[in-house]
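All figures in this text were calculated on a predicted structure; none of them were measured in a lab. Numbers for residues simply follow the sequence, beginning at 1.
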Amino acid sequence: MAGLDLLQSCPAQIAAKAHPEVSPRVRGPFKGQPLETFALGPLMDVLNRVEFEGDSIQQALETVAQHRRPPSHPGLGTFTEHAVRGYLANPSNPLSCDEPMYPVRGFWVCRGKKDGVVRETWAWGRRYRSQDGAVRELRVFRFGTAGSRTRPPAELATAAYTTAFGSPAAWPDPWREPFDPVPPSGPAVRRVRIVEFGCLDSSRAVLFDGTVEEAAAMYAAGAQDVLRQRALGGAPNPGSDCADCKIITACDALPRVPGLLGIADSSKVRRTLSAATAKAYASCPAQEHLSRTLHLPRPLDSEYSPKAIRGQAVHAVLEANHARMPRVPCQIGDFPDGSQDWSVGRWQVRGDQALVAARMLAHHVAVCPFRHANQVIDSRVEPVIVAHDTAADVLVVAKPDLIYRDSEGWVWRETKTTQWYGPKTMTLLEEHPQLAFAVLLLRAGVLGPGSAGARIEVEVLRPDGADPSCLDPADPETAAEAQRIVTGLAEPWHADMRSIARPGESCRTCPVSQWCPDYVPPRTNSDHIFDADGVDEELLDDPQNDDAW
């Protein structure tokens, strides 16, 4: 068992990762990454050189930048230096709570054997011990602020357990071979700490500080069964993780749609494309790479505009309502009246926008997809839809607000909010490219039975009414326009392997400008305000997996 990422959503992929000896029967041509895609890889290499080779910070940064392959994007280099200097701000003991701690090479691995099967458990991070070895500390990373999010209990329990009871071991070479743990010498471990470091602001948070007995109890109660089940696997669940799956060629659950993007070139390394990714790339290639591929953190002073918060809050309320079972239509009483500030989840709507959002929600009642709930056969709120365009070797991913099925077939539902009443200069598909992706995916039948009569419903909510529209994916003109838009967005992204920055207007609202060496400061102070009307939730919802385990 090796490094299970419990945040991944496909049981089959997790099980395959847990068995290093599993590999495809037929391997395709090797396609190396042109740029580093693991944002913490260079950081770990630099820290290794400082802690184990005696390099200065500057020497380590220069050596890693020169020799690591694949190379880092310049923006990742900026982030790496920032995180390294913050981590080593107090070189003698940057994170520990009290006594000095000393870096440990290799891993702490718990190993067992049952029914002839070797099982190994370990946690990724940086390892330290007290001088006598009685205290061990595992330091894990968060891209943003330490302690800002709760980690899954099974992850924390596994980290504490392997830190308490793991034996030292070097990384196996080749990876399919097991670790070769060496029994620890010296005093038995008595105390274990798990400390989280925030790369953005050099913050820290102690996630666990206890005895080895407490670590064992936590593991038995909250992780052992979870890890065993994850290693056993289950039905595949295609999603954003498919691009990195080593059994993708054997997966029967993943729809294959060659030519979906209109690109006949499978020579590039497999990547994932969504409408939000394509839009971010069109704005600036470096912005897309740093924010959506590497998930680098946003600055502490970044914020959404009131309009963007309003749109997110409306979406969050509708998401919760449409997830209710049994299905019931939305009613006025389900929504805030806007007479005062209100919140839903992380979104707090204040002032005039509280009233505007409430009015938008009230107008949704007349066009709620469940107003005839008895005719709905199936429904899924914000599902992840994925298809593999084998001609381009790209995983195309979409996340509609809602899909539901009635007697005519599947319905792909998108909701937009806006206060704009000016003239339209773009068609609906041009204004919202995710609808163009939806047209092509529905035409390809990726939703399975019921796709033949599929349609797309677009609900535009304004303070004074709702404006519904319907798109027919089977219509030749609609399909041709969708293909033109999708191919036009996908082609430059697919061909680009360097993600060079394109400074300009996009710098004003760039969420990762802090890391970009080519950033051009705007003339106003609104460089970190994310403003949007007609919110694209996939783009504005925090895309980063902030856990680095």
Side-chain angles (χ1 to χ4, degrees), residues 33 35-107 123-131 136-148 170-171 193-206 286 289-291 293-301 499 501 512-519 544 546-549:
Q33 290 282 359
L35 289 174
E36 177 63 69
T37 57
F38 178 38
L40 295 175
L43 167 64
M44 294 293 277
D45 283 358
V46 172
L47 292 177
N48 285 342
R49 294 203 63 84
V50 172
E51 293 185 337
F52 302 125
E53 307 302 330
D55 286 4
S56 69
I57 294 177
Q58 192 59 40
Q59 285 175 328
L61 287 166
E62 291 174 358
T63 300
V64 170
Q66 182 178 358
H67 296 291
R68 198 173 199 277
R69 294 294 179 268
S72 296
H73 188 280
L76 178 55
T78 303
F79 167 79
T80 298
E81 179 171 359
H82 172 88
V84 165
R85 293 191 182 280
Y87 186 89
L88 298 175
N90 180 358
S92 63
N93 190 21
L95 297 178
S96 299
C97 302
D98 40 39
E99 61 188 302
M101 303 293 285
Y102 300 89
V104 175
R105 291 182 185 266
F107 293 81
W124 187 88
R126 300 200 65 79
R127 289 151 299 280
Y128 298 81
R129 65 173 182 84
S130 59
Q131 188 170 18
R136 283 183 175 181
E137 182 172 291
L138 179 72
R139 299 176 186 168
V140 296
F141 293 89
R142 186 171 292 283
F143 287 130
T145 299
S148 58
W171 189 260
R193 283 195 296 262
I194 310 298
V195 178
E196 184 173 76
F197 174 77
C199 295
L200 177 61
D201 56 0
S202 304
S203 56
R204 70 163 191 176
V206 178
H289 180 75
L290 299 179
S291 65
T293 299
L294 297 177
H295 306 302
L296 297 188
R298 296 167 175 169
L300 290 173
D301 61 349
S499 300
V512 288
S513 59
Q514 177 177 357
W515 316 119
C516 181
D518 297 308
Y519 169 64
Q544 72 185 34
D546 199 26
D547 292 319
W549 200 234

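At least one donor-acceptor pair under 3.5 Å links the side chain of R127 to the backbone N or O of G106. With E196 contributing its side chain and A205 its backbone, the two residues share no donor-acceptor pair below 3.5 Å. At least one donor-acceptor pair under 3.5 Å links the side chain of H73 to the backbone N or O of S499.
Pairs engaging residues 74-83 under the side chain to side chain donor-acceptor pair (under 3.5 Å) rule: E81-R85 [sequence neighbours left out].
Shown here for S203 and A146, the closest heavy-atom pair between the two residues is OG-N, 2.8 Å. Of all the heavy atoms in V512 and P297, the pair that sits closest is CG1-O, 4.3 Å. Taking both residues in full, the closest heavy atoms of F141 and R139 are given as CE1-O, 4.1 Å, listed atom of the first, atom of the second, then distance. In terms of heavy atoms, S72 sits closest to L35 at C-CD2, 4.3 Å. Residues A123 and F107 come closest through the heavy atom pair O-CD2, 4.4 Å. Taking every heavy atom of both residues into account, W124 and V140 meet most closely at O-CG1, 3.8 Å.
In the displayed structure, Q131 atom CD is contacted under 6.0 Å by at most 12 heavy atoms of other residues, nucleotides or ligands.
Atoms CD and CZ, on Q514 and R298 in that order, are 12.5 Å from each other to the nearest 0.5 Å. Summarising the geometry, atom CG belonging to L296 is positioned 5.5 Å from atom CG belonging to L290; distances are rounded to the nearest 0.5 Å. D518 CG to W515 CH2: the interatomic distance, rounded to the nearest 0.5 Å, is 16.0 Å. The distance from the CD1 atom of I194 to the CZ atom of R136 is 11.0 Å, given to the nearest 0.5 Å.
Looking only at side-chain heavy atoms (C-beta outward), R126 and Y87 come within less than 4.5 Å of each other. Put simply, the side chain of Y128 does not reach to within 4.5 Å of the side chain of R193, judged on heavy atoms. Considering only heavy atoms from C-beta on, L294 comes within 4.5 Å of H289 through its side chain.
Listed by chain and residue number, D55 satisfy the salt bridge (charged side-chain N to carboxylate O under 4.0 Å, His left out) test with R49 (two or more places apart in sequence, or in another chain).
Residue L43 forms a side-chain contact (heavy atoms from CB on, under 4.5 Å) with just one option from V46, D45, L47, and that option is L47.
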Exercise. Going through the checks in order, is the side chain to side chain contact (heavy atoms under 4.5 Å, CB included) test met by M101 and S130?
Worked result: CA-CA 5 Å; M101 303 293 285; S130 59; 4.2 Å; yes
